S.K.: 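Below is a structure I'd like to ask you about.
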4 protein chains.
Amino acid sequence: MVMRKSKMSLIFQAAIDVFSEKGFDKATMDDIATRANVAKGTIYYHFKSKEELFFFLVEEGVELLRDGVEAKLLPEMDPKEKLEVIVREQINFFGQYRDFCVILLREAWGGEERQLEFRKMIRSYMYLIENVITEGIESGDFHPVNPENAGAGIFGMLAISALHILLGKKQYDEEALFLDMNRMVFAGVLKHT
Amino acid sequence: MVMRKSKMSLIFQAAIDVFSEKGFDKATMDDIATRANVAKGTIYYHFKSKEELFFFLVEEGVELLRDGVEAKLLPEMDPKEKLEVIVREQINFFGQYRDFCVILLREAWGGEERQLEFRKMIRSYMYLIENVITEGIESGDFHPVNPENAGAGIFGMLAISALHILLGKKQYDEEALFLDMNRMVFAGVLKHT
Amino acid sequence: MVMRKSKMSLIFQAAIDVFSEKGFDKATMDDIATRANVAKGTIYYHFKSKEELFFFLVEEGVELLRDGVEAKLLPEMDPKEKLEVIVREQINFFGQYRDFCVILLREAWGGEERQLEFRKMIRSYMYLIENVITEGIESGDFHPVNPENAGAGIFGMLAISALHILLGKKQYDEEALFLDMNRMVFAGVLKHT
Amino acid sequence: MVMRKSKMSLIFQAAIDVFSEKGFDKATMDDIATRANVAKGTIYYHFKSKEELFFFLVEEGVELLRDGVEAKLLPEMDPKEKLEVIVREQINFFGQYRDFCVILLREAWGGEERQLEFRKMIRSYMYLIENVITEGIESGDFHPVNPENAGAGIFGMLAISALHILLGKKQYDEEALFLDMNRMVFAGVLKHT
DNA sequence: AATGAATGAGTGTTCATTCAT
DNA sequence: GATGAATGAACACTCATTCAT
C-alpha cells in the first residue's frame, strides 16, 4: 500500500500553520491536532513534547533554506555572483515559506534554551553569507567589513523587508524587491559620483 | 511635572523588564507585580488588562526611538547626513534599550490585533527613513529605489545586526558596528573600481 | 470578624477525606476542590502542589498521633505503664482517625521522595516506642530485644490489627482489641507454666 | 510441562518488578511492556486489563506465601512449633520477595473492589495463623485471645518490622529479626519474674 | 488608591485501551 | 499469536481577571 503518508507529515504541516499563525506560546496542541485531523495523543506518540515538535519544525525549515541556497552556490562563481544568488534565493524563500519565516523572526529572540538553539540554526545559515563576504574581501572585490556584522545585516535587511511586504496589504513583487535589495547590498543607497 | 514615584511608573518599569525577559505570553501579571513590589490588583487598577499594559509600553518605547531620532534630523542637513544620523542613532538605541528591542523584534510578527497595531507603530519609525530616502532620490544623491523597501531593509539590517551581537556572547562595540553598517548602507559591499 | 475559618481548613479536611478514600495517585485535585466547595485554583493558591498538600496533611496527622501519645507518657511512669499507654493511645487514635490511618499504611511504602519523607515521620513516632523499650530493658523489666525491631513490630501489630477490623465489616471494639493487644505485647501468646 | 518461555511469564515477571517499584497507579503498561520486551498489545492479548494483570500477580504471590508456609505446618507439630514455623517462614518470605511485599502493604488498604479482593487474599493467609492460635488456645498452651485479632496482629508485627528494615539502609539480618520476633510473639516484652 | 484571596477556563501531558494488520 | 500506531478521556497545574474590603 503506497498510502504511507503517516500521520506525522499531517502533524508537521498543521504545526507550521498553527505556529506561524499564533506563535509558539499561544499555539495549542489541540489546535494542531484539530488542524491535522488527528487525536491529541497521536502528536505525543510521534513527538515528545510541544517543544520538540517545534524544534524539528524549525530545524527542517532552516535546513531547507540553507541547503537550498548552498546548492546554488557553485564553486566556479565569484563572490559577487554568489552574493547575488543569496539575495535572490532568500527573497524567493521568504515568498514561498511565508508562514515559516514569520516563525523565524518571531521565536528567535530571547534567552530560553529553545531560542538559543534556534539562533544557532539561523547562524548556520548566516555563515553562508559570511563566507561569501570573507571570500569577497580576500579577493579584493568587497570592502573590508566585519563579515559577521555584514552577514547578520544582510540577512536582516532581506528578512525584514520581505516580511514587511508579506505582512502588509501589498502584493509581494519578488522581482522588484530583488532589484532593490540587490542594489542596496552591492552599492548601498549612494550614487557614485 | 512633580515626578511622583507613582506606582504606575514602578509597574511600567517592571513590565519592560519582565516582558523583554520572557516575552508577552510567558510573562505573568504576578511576575510584574512582584518585580514592581505592588499587589497584583494594583496593576489592574492602573491598566485595563495585560494587553493594554503591553500596548502602552510598546507605544512609549517606539516613540522614544522615533522622537529621539527625529530630534536629531535637522532641516539643514542633506539626505546623506540625515541617513548617517539614523544609522548612528538606531544602533545607539538598540544598545541602550536592548530589552525593549528584543520585545520589538519578538512581538511584531503575526496576525493578532496587538501585532497589527504594533507594526503600525514600527512603521511610524520606518517613515523617517523612507522620507530621507525619498529626499535623497529627489535630490539625485541616492539611487532610485523603492523607499518603502529601502526603509524596511535598512531598519532590518540595523536591527538584526545589533541584536545578533547583543544576544551573542561578544561585546557590543557600537562604533565598529556603526562604521560597518554605515559603509554598507551607503556603499554596499562592492568596491567601486 | 471571628469567621476566619479560611478556605484552607476546608481544603485540608476535604483532602483527608479524598486521599484516604482513593489514595494519593487516584485522588484528583478536582475531587478535593469539589468536596471542599472551592475552586480548583484556590487549592493552588494555598498549596504549591498536590504533593505539598499531601505532605502537610501527613505531617499534621503524624504529629497529632505522636504528640498525643507523648503527652500521656508522664516521667513518673515506669516502662510497663508507659508501654500500656502507647498501646491504648494508638488503638484509640486509629479508631478516631481511621481515614488518616488508611493513608498512613497505604502511602508509606516505596522509594519515592514523598514516601521516604513519609517513613521518616512515622519513624519519629516509632522512636517513642523504642525509647520506652530501651528504658524497660535497662531497668531489667523487659527482655533484651533490639528496640528498633520491637518498636516497628509493636507499631505494626497495633496498626494492622486495628485496620483489619476497621476495614472489615465488624464493629471496632476498642476495649477488646486493647486487652488482646496489651496481653500480646506484654506476655505474647504463650502461657507461663 | 514443556516450560516454554512463553511471553506470559515474561510479562508476569516484568509486572512484579514494575508494580513493586512504582505501585499500581504509577506503573504503566508501557513500563511493563518495555521491561518484558513485548509489544504493549501483547499484554492485552494475555490479560484483559491492568487490573486483571495485577490481580493475577497478587493472587500468585499470596498463594506462594500461604502454600509455602502451609506446607511446613506438619500435622504432628504442636501449636507452639507451628507458630514458630510461621514466624520463621514469613520473615523468610519477606526477605526473599521484598518487592512483592511492598505491593502487599501498599495496595491492600482502601475501599476499591481491587483492594477488597486483595484483603480477602491476605485474609486467607491470616487464617493459617488464626487456626494455629485457636488450636493453641484449645490445647491450653496459649492465652485465650481473640484469634482474629491475634492473627492480624502477628501478621502486622512481622510484616512491618521486616519492611522497616528492608526499606531502611540496614542489612536485613533474618536470624536476628527472627529471634526478636519469636520472643515477642511467644513471650511479649515483659520478663516473667 | 490599593490589596490579595478567590476563581475557572484553559494548557501540556499521560496512559489504559483498542484494532487493523 | 503478536504488534504498535492511534485514540481521547483525564489530570495537575497556570494565570488573567474580578471583587469585597
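Any value given below was found using the heavy atoms of this structure, including those in side chains, with hydrogens, waters and symmetry copies removed. Below, read A as the first sequence line, B as the second, and so on, with proteins coming before strands; counting in each chain starts at 1. Here the structure is a predicted model, which is why all the values come from computation and not from measurement.
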S.K.: Calculate the interatomic distance between A:Leu10 atom CG and F:dT7 atom C1'; express it in whole Å.
M.R.: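 About 15 Å, once rounded to whole Å.
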S.K.: Toward the 5' end of DNA chain E, which comes first, D:Tyr44 or C:Val38, by nearest nucleotide?
M.R.: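 Per heavy-atom nearest nucleotide, the more 5' residue is C:Val38.
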S.K.: Nearest-Å distance, CZ (C:Phe47) to P (F:dA12)?
M.R.: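 Those two atoms, CZ and P, are 15 Å apart.
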S.K.: Could you check whether B:Ala27 gets within reach of a base, just the sugar-phosphate, or nothing at all, counting any heavy atom under 4.0 Å?
M.R.: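 Sugar-phosphate only.
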S.K.: So which one's nearest nucleotide on DNA chain E is more toward 5', C:Gly41 or A:Asp30?
M.R.: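 Upstream on the strand: C:Gly41.
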S.K.: For D:Glu51 and E:dC15, what is the distance between atoms CD and C1' respectively, to the nearest whole Å?
M.R.: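 In whole Å, E:dC15 C1' and D:Glu51 CD are 15 Å from each other.
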S.K.: Which residue in the set D:Glu59, D:Glu63, D:Arg66 passes side chain to side chain contact (heavy atoms under 4.5 Å, CB included) when paired with D:Met121?
M.R.: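 The side chain to side chain contact (heavy atoms under 4.5 Å, CB included) with D:Met121 is passed solely by D:Glu59 among D:Glu59, D:Glu63, D:Arg66.
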S.K.: Is A:Glu107 salt-bridged to A:Arg114, going by a charged N under 4.0 Å from an acidic O?
M.R.: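 A salt bridge is present here (some side-chain N lies under 4.0 Å from a carboxylate O).
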S.K.: Decide yes or no, distance alone: a donor-acceptor N/O pair under 3.5 angstrom between the base of E:dT17 and the side-chain of D:Lys40.
M.R.: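 Pair found.
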S.K.: When the nearest nucleotide of DNA chain F is assigned to A:Asn37 and to B:Lys26 on a heavy-atom basis, which residue is associated with the more 5' position?
M.R.: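 Final value for this comparison: A:Asn37.
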S.K.: With sequence neighbours left out, write down each residue that passes side-chain contact (heavy atoms from CB on, under 4.5 Å) with B:Ile122, or none if nothing qualifies.
M.R.: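 For B:Ile122, the residues satisfying side-chain contact (heavy atoms from CB on, under 4.5 Å) (neighbours in sequence not counted) are B:Leu104, B:Ala108, B:Phe118, B:Met126, B:Phe155.
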S.K.: Considering only side-chain heavy atoms of D:Ala39, which listed nucleotide, E:dG8, F:dT3, E:dA16, is closest?
M.R.: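 Side chain of D:Ala39 sits closest to F:dT3.
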S.K.: Applying salt bridge (Lys or Arg N to Asp or Glu O under 4.0 Å) between B:Asp30 and each of B:Lys40, B:Lys50, B:Arg35, report the one that passes.
M.R.: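 Answer after filtering B:Lys40, B:Lys50, B:Arg35: B:Lys40.
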S.K.: Between the side chain of C:Asp31 and the main-chain N/O of C:Thr28, is any donor-acceptor distance below 3.5 Å?
M.R.: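 Such a contact is found between C:Asp31 side chain and C:Thr28 backbone.
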S.K.: Take the protein atom CE of A:Met29 and the nucleotide atom C1' of F:dC11, then report the distance between them rounded to whole Å.
M.R.: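 Rounded to the whole Å, the gap is 16 Å.
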S.K.: Whole angstrom is fine here: how far is it from CG in D:Asp25 over to P in F:dA10?
M.R.: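 Roughly 16 Å, once rounded to whole Å.
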S.K.: Provide, to the nearest angstrom, the distance between the CZ atom belonging to C:Phe24 and the P atom belonging to F:dA12.
M.R.: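 Taking atom P of F:dA12 as the reference, CZ of C:Phe24 is at 8 Å.
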S.K.: How many Å lie between CD1 on C:Ile32 and P on E:dT7, as a whole number?
M.R.: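 Nearest whole value for this atom pair: 15 Å.
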S.K.: If you apply the rule side-chain contact (heavy atoms from CB on, under 4.5 Å), what do you find for B:Phe55 with B:Glu51, and how did you get there?
M.R.: CA-CA 6 Å; B:Phe55 180 85; B:Glu51 200 101 359; 5.9 Å; no
S.K.: The test is side-chain contact (heavy atoms from CB on, under 4.5 Å); show your working for C:Leu57 and C:Ile16 and say whether it passes.
M.R.: CA-CA 7 Å; C:Leu57 213 94; C:Ile16 293 183; 3.7 Å; yes
S.K.: Using a 3.5 Å limit on both distances, find every run of at least three consecutive Watson-Crick or G-U pairs that involves DNA chain E.
M.R.: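 Stem list for DNA chain E: E:2-21 with F:2-21.
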S.K.: Relative to each other, are the rings of B:Phe56 and B:Phe47 parallel, tilted or perpendicular (30° and 60° limits)?
M.R.: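 If you compare the ring of B:Phe56 with that of B:Phe47, the planes turn out tilted.
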S.K.: Nearest-nucleotide wise, let me know which of A:His46 and B:Ser49 is further upstream toward the 5' end of DNA chain F.
M.R.: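 Mapping each residue to its closest nucleotide by heavy atoms, the 5'-most match is A:His46.
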S.K.: Check every strand shown and say whether D:Lys50 touches a base, only sugar-phosphate, or nothing at a heavy-atom separation below 4.0 Å.
M.R.: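 D:Lys50: backbone/sugar contact only, no base atoms under 4.0 Å.
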S.K.: When the distance from CD of B:Glu52 to P of F:dA16 is rounded to whole Å, what number comes out?
M.R.: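 Result: 15 Å.
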S.K.: In terms of side-chain heavy atoms of C:Lys7, which of F:dT7, E:dT3, E:dA6 is nearest?
M.R.: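 Minimum distance to the C:Lys7 side chain belongs to E:dA6.
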S.K.: So what does A:Thr42 touch, heavy atoms closer than 4.0 Å: a base, only the sugar-phosphate, or nothing?
M.R.: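 Base, at least one base heavy atom under 4.0 Å.
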S.K.: I want to verify a distance call: between F:dT3, E:dT3, E:dA16, whose nearest atom is closest to the D:Tyr45 side chain?
M.R.: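 Among the listed nucleotides, the one closest to the side chain of D:Tyr45 is F:dT3.
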